[in-house]
Amino acid sequence: MSDGATRVIVDAATAADPVADAARELIAGLGLRPWGQVAASVYETGRLVAVAPWLTGHHQRIAFLVRSQRPDGAWGPPEGYALAPTLSATDALLAALADGRTGTELLAPVAGGLGALADMLLRADARTLPDTPALDLIVPALVDTINDRLAGLERAVADRLPRPPLPLPAGLHRDRLRAVRSAVAAGATLPPKVAHFYELLDAVPADAGPTLTAVGASPAATAAWLTAVGPAAGPAAHAFLRTLIRDGGGPVPCPAPITVFERAWVLNGLRRAGIAVNPPASLLESLTAATAGQGIATGDGLPTDADTTSVSLDALARLGHPADPASLWAYETVDGFCTWPGEDGFSVTTNAHVLDAFGQHLARHPGADARYRRAVDRLSGVLAGHQRADGAWQDRWHASPYYATACCVLALAEFGRGAAAAEAVDRAAGWVLNSQRPDGSWGRWDGTAEETAYALQVLLAVPTTVPRVDDAVARGHAYLHESATRDHRPLWYGKELYCPTVIVRAAVLAACRLATDRASGVDRSVVDCGYRATKTTT
């Protein structure tokens, strides 16, 4: 074979990089859909049906709720994660049934929802419910609303439905809901994060006005405000909702917008895996607020937080635009770093991301203030100290331990200090290796592409040539390829579990690149995992 022929074959092989092509399409979509891409939310869609039937797409939202109902009458994921979406959907369909415009076809889904709720609420205990945001507001508010609607139904309709009053779960009370509503009524200034739940509070946001895009990054909160003040009082918010409704065909996502969150996680995840990305300057500029004041927020309508700030800083550094992470000191506590001041709980993933940001800074500035080095040492110990006995981590922002474990392992493997950090990484890899499913996947409830991607990132962060690890990686990689067309399970914590679709796709692409690079001699022209992003248009 001539040298010329050899050069043609090599050039063709290196040019064919479907993972890089898919990454470029994902990044292009970030600019085309600046509010972010999140799967439709049962909870939020139900709130729009109940509080804003005047919005376009009302009947499409009702149809979405009906077809999303599980055979057992509930909605949403397994375990206690079904409570919030089932409450919202049942209340929404009950409201639609009561207004008399839908006939009696909603009787069966409403009856199913009420039956599922009666069972869930009687068996639930406040101590074992998932730590999703404001569940102690959502549950009492919607239980009371459903009971009020049932009491007000016409006799002919009510007689065809189960009507015993729904109880609150054991140990859950109305005290906090009453206190927050009383404070709102008295004109008190509430924490900005409470705006995310305004649909429950009968409140008007302090910064409401014609230029407000979204209340608390929530379509439901935004719709509740517009219903109270009229769409003419909030043209920007009305346009925001119309766009979400158009893009979703009626149903709406939550949270939205997630502009910075989506961009930071996508760019950081792709670059960390070694995928060459060249984002437009506008995307990079949207992350630079992380360097000022107390950092940056997930999206418009939400407060700044250490998690989004640290991932934005890490992404900027990996893309060749490092910045001083001093804004993160505003979140330092005696336990580590909080997600926001006053956080009710502790997040290991937030602390892992802070370790990433500080580690990046020290790598580029070895002579930086000793405070950064002390923080890296401290966070190495904090993360190791929060590891479970089985080697995994669990976090309050994601239902799957594979996400938390990947965040902690990647941070500790790259920037952790001390024997405890190295031991924690090895133990985590052992847990991942021992929890792989027979089909090559990983997952909390069943195998998913997202969780498999995180598991592979953990295994590939630990240098080893052990045949068992190589076999596990190969089987996990094959699963990603075979599961390309499956829907992603919602796993991220919000009012209910939700799925940020582009972030998940980026995680899968990152795992594919890492696995491909590990398997020497693999032709990238045929290893694309099927994850070419769908092009979006404005």
Side-chain angles (χ1 to χ4, degrees), residues 19 39 77-79 81 130 265 269-270 272-273 348-349 352 383 386-413 424-464 466-493 497-501 503-519 527-531:
V19 169
E79 302 175 12
Y81 295 103
W265 262 252
L270 294 175
R272 188 168 205 159
V348 294
T349 61
L383 292 178
H386 279 82
Q387 190 175 27
R388 296 188 329 199
D390 62 2
W393 280 268
Q394 184 70 59
D395 193 53
R396 64 194 312 256
W397 298 124
H398 201 284
S400 174
Y402 293 99
Y403 171 74
T405 302
C407 291
C408 292
V409 164
L410 292 179
L412 289 172
V425 169
D426 288 340
R427 290 179 58 228
W431 171 75
V432 167
L433 195 60
N434 291 326
S435 61
Q436 189 173 25
R437 294 174 177 272
D439 65 354
S441 70
W442 283 268
R444 172 175 175 173
W445 292 302
D446 50 26
T448 70
E450 180 182 1
E451 292 167 282
T452 299
Y454 299 141
L456 288 174
Q457 289 177 30
V458 170
L459 293 180
L460 292 165
V462 183
T464 180
V466 177
R468 187 184 173 200
V469 173
D470 290 339
D471 176 67
V473 169
R475 292 194 299 122
H477 194 189
Y479 173 84
L480 289 185
H481 180 75
E482 294 164 1
S483 64
T485 59
R486 299 180 190 176
D487 291 336
H488 297 300
R489 177 188 283 278
L491 292 167
W492 295 72
Y493 270 33
L497 296 186
Y498 73 96
C499 177
T501 54
I503 290 174
V504 172
R505 288 175 184 161
V508 172
L509 286 175
C512 285
R513 168 48 50 84
L514 292 169
T516 300
D517 289 350
R518 174 71 165 265
V527 182
D528 64 359
C529 298
Y531 269 81

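Worth saying up front: this structure is predicted, and the values here are computed from it rather than measured. All residue numbers in this chain count up from 1 along the given sequence.
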Practice problem: Look at the side chain of E450 and the backbone N and O of H488, then say whether any donor-acceptor pair between them is shorter than 3.5 Å. | Solution: no
Note: L270 and A506 closest approach over all heavy atoms is CD2-O, 3.8 Å
The single option from L460, L459, L456 that satisfies side chain to side chain contact (heavy atoms under 4.5 Å, CB included) with R518 is L460
For L480 and C512, the nearest pair of non-hydrogen atoms, with its separation, is CD1-SG, 4.0 Å
To the nearest 0.5 Å, atom OG1 of T452 lies from atom CZ of R475 at 11.0 Å
Closest heavy-atom pair, S483 versus A449, reported as atoms and distance to 0.1 Å, is OG-CB, 3.8 Å
Sorted by chain and number, sequence neighbours left out, side chain to side chain contact (heavy atoms under 4.5 Å, CB included) with A352 holds for L383, C407, C408, A411
Contacts of R427 meeting side chain to side chain contact (heavy atoms under 4.5 Å, CB included) (sequence neighbours excluded), chain-then-number -> Q387, E423
So CD of E451 and CZ of R444: to nearest 0.5 Å the spacing works out to 9.0 Å
Shortest non-hydrogen pair, T501 vs A39, comes out as CG2-N, 4.0 Å
I'd like to know if the side chain of Q457 reaches the main chain of L514, judged simply by a donor and an acceptor atom lying under 3.5 Å from each other, with no hydrogens or angles considered. no
Heavy-atom closest pair (A455 atom, W442 atom, distance to 0.1 Å) is CB-CD2, 3.2 Å
The side chain to side chain donor-acceptor pair (under 3.5 Å) partners of D439 (sequence neighbours excluded) come to S441
| Within the distance-only criterion (no hydrogens, no angle test), does the side chain of R513 pair as donor or acceptor with the backbone N or O of V19 below 3.5 angstrom? | no
Residues passing the ring-ring contact (aromatic ring centres under 6.0 Å, His included) test with Y81, sequence neighbours excluded, are W445, Y493
Across all chains, not counting sequence neighbours, the ring-ring contact (aromatic ring centres under 6.0 Å, His included) partners of Y403 are H398, Y454, W492
- Checking R272 side chain against L410 main chain: does a donor-acceptor pair fall under 3.5 Å? yes
For R437, the salt bridge (charged side-chain N to carboxylate O under 4.0 Å, His left out) test, sequence neighbours excluded, returns none
- request: Determine yes or no for a side-chain-to-main-chain donor-acceptor pair under 3.5 angstrom, with Q436 supplying the side chain and A472 the backbone.
  value: yes
What one should report as the nearest heavy-atom pair of A413 and V425 is N-CG2, 3.9 Å
Practice task
Please check if the side chain of D471 supplies one atom and the backbone of P467 the other of a donor-acceptor pair under 3.5 Å.
Solution key: no
- Query: Just by distance, with hydrogens left out, do Y402 and T448 show a side-chain donor and acceptor under 3.5 Å apart?
  - Reply: no
